[in-house]
Protein chains: 2
Amino acid sequence: MSKRKANTRQRRGSAQPTLAQVAELAGVSSITASRALNDPERVNAATRQRILDAMERIGYVPNLVAGSLASARSRFIAVVVPSLANAVFIEVIQGLQATFEAAGYQILLGNTDYDIEREHQLVRTFLGWSCSALVTAGLRHTPACRELLAGCNRPVMEVMELGEALDLNVGLDHEEAGSCMARHLLQRGYRDIVYVGARMREDYRAAMRYAGHRAVLEAAGLTPHLLELDRLGSLEAGAEGLERVRDQFPGAKAVHFANDDLATGALLHALRLGLRVPEEIALAGFNGLPLGQHVTPRLTTIQSSRHTMGRLAAEQVLRCLAGEEIETRRQNVGFTLLEGEST
Amino acid sequence: MSKRKANTRQRRGSAQPTLAQVAELAGVSSITASRALNDPERVNAATRQRILDAMERIGYVPNLVAGSLASARSRFIAVVVPSLANAVFIEVIQGLQATFEAAGYQILLGNTDYDIEREHQLVRTFLGWSCSALVTAGLRHTPACRELLAGCNRPVMEVMELGEALDLNVGLDHEEAGSCMARHLLQRGYRDIVYVGARMREDYRAAMRYAGHRAVLEAAGLTPHLLELDRLGSLEAGAEGLERVRDQFPGAKAVHFANDDLATGALLHALRLGLRVPEEIALAGFNGLPLGQHVTPRLTTIQSSRHTMGRLAAEQVLRCLAGEEIETRRQNVGFTLLEGEST
DNA sequence: GTGAAAGCGCTAACAA
DNA sequence: TTGTTAGCGCTTTCAC
């Protein structure tokens, strides 16, 4: 055969400097260069400095994809939420992010738009990225998704509500929160009470709160009234809710809204209409968003600790990843009734 | 030597089914199984079905890390924002996410907490993940970060403001927005005007708006007054801002706030104090958040289109990734003055 | 339409 | 403290 024709076929070189090049420049093997980054203590200080200098010199950026493939772990935490339009999820994400990023983990964010099929698909994708753990908002999944989560051999954290969790669980009891507010309204003397929800098949935690609300009213011998809006919670929807309550339930004295967006929207709308709150109509919400606490009258609502929920969830997952023994796999962050002047 | 002792050292098997196993079960080679997923047209329909059945049967989840390493591309889009506490960034992210996810890309979200060193670090990390493109909020980066972005050979999109961008740019002219509001206030007859910002070294776009505001006032022969708060914008901070303006600038007739959170906080606080708006004090904001449009009086503000900004940015990046020729690398989404009753 | 071989860039395991 | 070797699971290239 003619000239030793190298059998190296063309390979798309990303043209990025590699660890091997760093190692060569520093006069060490690539594993030593690797250790200089990932396990600095195990490398001689002078050697390490030479390696770091070499990296600097050629502009080395570690290829994390290759590292993950080799080590079969990534520093990704998958976070799956149903919506980004709701401040509540954003705050949970903030709590998660601050804690995970401080520990060197990256968040891989997925938005299901309240579609559990989409959730399943996102979970598959994230598992395909070898994420270290998964955090999902809520306990409801498709059977296939549950199976995937149960068998993935990674910490799985379900936040927001409490219940039969797959693995770890941080949240609050929404039914109890609904009851709490209903009891408050009864205690204030209201009898004609309407609960207003928005897309409760999707926002099923609002339906749980309604269940608690309803149980209290029924136990008191009252008829629960329900109005469901066909759009997600917003100030706009709250205004519409108030209009429709006045139309469909003219005798209503109090309205228990599924969340603060709705309740504040209704409250601001009432002020616009010149309705006296709570004299003519009392309004209550859920979440304890800052907004409701800045309007006059202040909104009566239930304070949930979203940031804490995120932080606790992240801490628990990190503990799990560190191999620590987890004693309490379920944590109840509770809630507080904020009595404003709107009831 | 004794028995053919297999020289296979223990390797952490992730124990997950692999494409090779799928292929074996389906009686094809692994590359065919790969094509059944990534390039279905090139595989015989019956064969493809056999492969998909096999995947289903053994619960195959594609290892995207391995795929990315082999192909040197991921379906990640890095998105770097300075804060998640600000609704504005959330809405841009929503616009980006909806568009990118629909095109099969995942968002890798980074939060710099207004620290451009942290931004640099995040950009390195994301490049290490072979992200397909990067989106950053703003044009300000460390020199090293600029260099990294300029040389990374991927689409780089800078959103929020307009200017000397590295590659692609979608945003609005903040200086002009500040001028626009200042002109509005002058036109309404206000002369004693205070601009209230919050941490403007970090939120430098607020400083740009102030520059526009200031230029208009100076051109009109008026003295610009500035009050800077040492915390990020919030309803709470807005209330404090109003207090401090009344204290430090007793003659002030109008307050131009750097954003709607501040302005609405001030407006709600004024209502609480029983101050008449705009008779005793006029208040204006920036962003056009729903909140300001639901209070009475409605807040005069500037509407920016965050969702559109995100969508346009994503569309532009996708076009770039598809290899299309980009004619306009800079897009101005503009803004609209919303005249409420607060001025 | 399908397959064989090579290797993406890194790290685990073992060895010195 | 450092190095050798193998291979993570997939896709590219080239060949049929």
Side-chain angles (χ1 to χ4, degrees), chain A residues 5-24 26-51 55 58 60-75 125 127-130, chain B residues 5-51 55 58-75 125 127-130:
Chain A
K5 83 145 100 91
N7 192 19
T8 54
R9 309 118 142 205
Q10 225 54 336
R11 206 73 213 290
R12 68 273 135 187
S14 56
Q16 288 288 16
T18 69
L19 196 56
Q21 293 169 31
V22 169
E24 186 173 4
V28 296
S29 72
S30 52
I31 184 64
T32 304
S34 168
R35 284 198 270 253
L37 282 181
N38 302 320
D39 201 358
E41 267 86 87
R42 291 193 46 196
V43 178
N44 178 297
T47 313
R48 186 169 70 238
Q49 196 50 56
R50 231 172 47 239
I51 294 169
M55 288 178 173
I58 64 176
Y60 173 71
V61 176
N63 184 326
L64 301 173
V65 178
S68 283
L69 179 60
S71 65
R73 30 185 191 70
S74 76
R75 295 192 71 88
T125 303
L127 286 175
W129 280 110
S130 295
Chain B
K5 80 147 100 101
N7 191 18
T8 55
R9 312 121 141 202
Q10 226 56 334
R11 205 74 213 291
R12 68 275 133 184
S14 56
Q16 288 288 13
T18 69
L19 198 56
Q21 292 169 33
V22 169
E24 184 172 6
L25 191 61
V28 295
S29 72
S30 53
I31 182 60
T32 303
S34 169
R35 284 199 270 254
L37 282 182
N38 302 322
D39 201 0
E41 267 87 84
R42 292 192 46 195
V43 178
N44 177 296
T47 313
R48 186 169 70 238
Q49 196 51 55
R50 230 170 49 237
I51 294 168
M55 288 178 173
I58 64 176
Y60 172 70
V61 176
N63 184 326
L64 301 173
V65 178
S68 284
L69 179 60
S71 65
R73 32 186 188 68
S74 76
R75 295 193 70 86
T125 303
L127 286 175
W129 281 111
S130 294

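These numbers were taken from a predicted model, which means no experiment stands behind them. In what follows, chains carry the letters A, B, and so on, assigned in the order in which the sequence lines appear, proteins first and then strands, with residues in each chain numbered from 1.
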**Report entry** Over all atoms of both residues, closest heavy-atom pair of Ile58(B) and Val22(B)
**Finding:**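 Smallest interatomic distance, heavy atoms only, reads CD1-CG2, 3.6 Å.
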Requested in this report: Determine: side-chain N/O of Arg50(A) to OP1/OP2 of dT2(D), distance under 4.0 Å, yes or no.
Outcome: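 So the side chain of Arg50(A) is outside the cut-off, no N or O lying under 4.0 Å from OP1 or OP2 of dT2(D).
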Report summary line: Note, DNA chain C 5' to 3' with Watson-Crick or G-U pairs under 3.5 Å encoded as ( ), [ ], | and . gives ||||||||||||||||
Euclidean distance, atom [atom1] of residue [X] to atom [atom2] of [N] [Å, nearest integer]:
X	N	atom1	atom2	value
Met55(A)	dC10(C)	CE	P	9 Å
Leu64(A)	dC10(C)	CG	P	9 Å
Glu24(B)	dC10(D)	CD	P	14 Å
Asn63(B)	dC8(D)	CG	C1'	8 Å
Arg73(A)	dT11(C)	CZ	C1'	9 Å
Ile58(A)	dG9(C)	CD1	C1'	13 Å
Leu69(B)	dT12(D)	CG	P	12 Å

Query raised in the report: When rounded to the nearest 0.5 angstrom, what distance separates CG in Asn63(B) from CG in Leu127(A)?
Result: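 One finds 10.5 Å between CG of Asn63(B) and CG of Leu127(A).
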Report task. Look up atom CZ in Arg48(B) and atom CD in Glu41(B), then write down how far apart they are to the nearest 0.5 Å. Result ->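 If I round to the nearest 0.5 Å, the distance is 7.0 Å.
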Query - Toward the 5' end of DNA chain C, by each residue's nearest nucleotide, Val65(A) or Val28(B) - result: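 The residue mapped nearer the 5' terminus is Val28(B).
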Query raised in the report: What residues, two or more places apart in sequence or in another chain, satisfy side-chain hydrogen bond (donor to acceptor under 3.5 Å, both in side chains) together with Gln49(A)?
Result: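 So Gln49(A) forms a side-chain hydrogen bond (donor to acceptor under 3.5 Å, both in side chains) with Asp53(A).
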Query - Glu24(A): side-chain hydrogen bond (donor to acceptor under 3.5 Å, both in side chains) partners, not counting sequence neighbours - result: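 Glu24(A) satisfies side-chain hydrogen bond (donor to acceptor under 3.5 Å, both in side chains) with no residue once adjacent residues are dropped.
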Query raised in the report: Going through the checks in order, is the side-chain contact (heavy atoms from CB on, under 4.5 Å) test met by Gln16(B) and Val61(B)?
Result: CA-CA 8 Å; Gln16(B) 288 288 13; Val61(B) 176; 5.5 Å; no
**Report entry** Residue Arg73(A) excluded, over 12 heavy atoms near CZ under 6.0 Å
**Finding:**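 No.
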Requested in this report: Kindly state which residues belonging to residues 38-47 of chain B come within less than 4.0 angstrom of DNA chain D, counting heavy atoms of the residue only, listed by number.
Outcome: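 Nucleic-acid contacts, sorted: Asn38(B).
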Query raised in the report: Can you list the residues that meet the side-chain contact (heavy atoms from CB on, under 4.5 Å) rule with Ser74(B), with sequence neighbours excluded?
Result: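 side-chain contact (heavy atoms from CB on, under 4.5 Å) list for Ser74(B), sorted by chain: Trp129(A), Ser68(B), Phe76(B), Ser130(B), Ser132(B).
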Report task. Could you list the residues that satisfy side-chain contact (heavy atoms from CB on, under 4.5 Å) with Leu37(A), not counting sequence neighbours? Result ->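 Checked Leu37(A) against side-chain contact (heavy atoms from CB on, under 4.5 Å); matches are Leu52(A), Met55(A), Tyr60(A), Pro62(A).
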List the atom pairs, donor and acceptor, that lie under 3.5 Å between side-chain atoms in residues 27-36 of chain B and the rest of the protein, sequence neighbours left out.
from, atom 1, to, atom 2, distance (Å)
Ser29(B), OG, Thr32(B), OG1, 3.3
Ser34(B), OG, Asn38(B), ND2, 3.4

Query raised in the report: Of all of residues 29-37 of chain A, which get a heavy atom below 4.0 angstrom from DNA chain C, listed by number?
Result: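 Within this stretch, Ile31(A), Ser34(A) sit under 4.0 Å of the strand.
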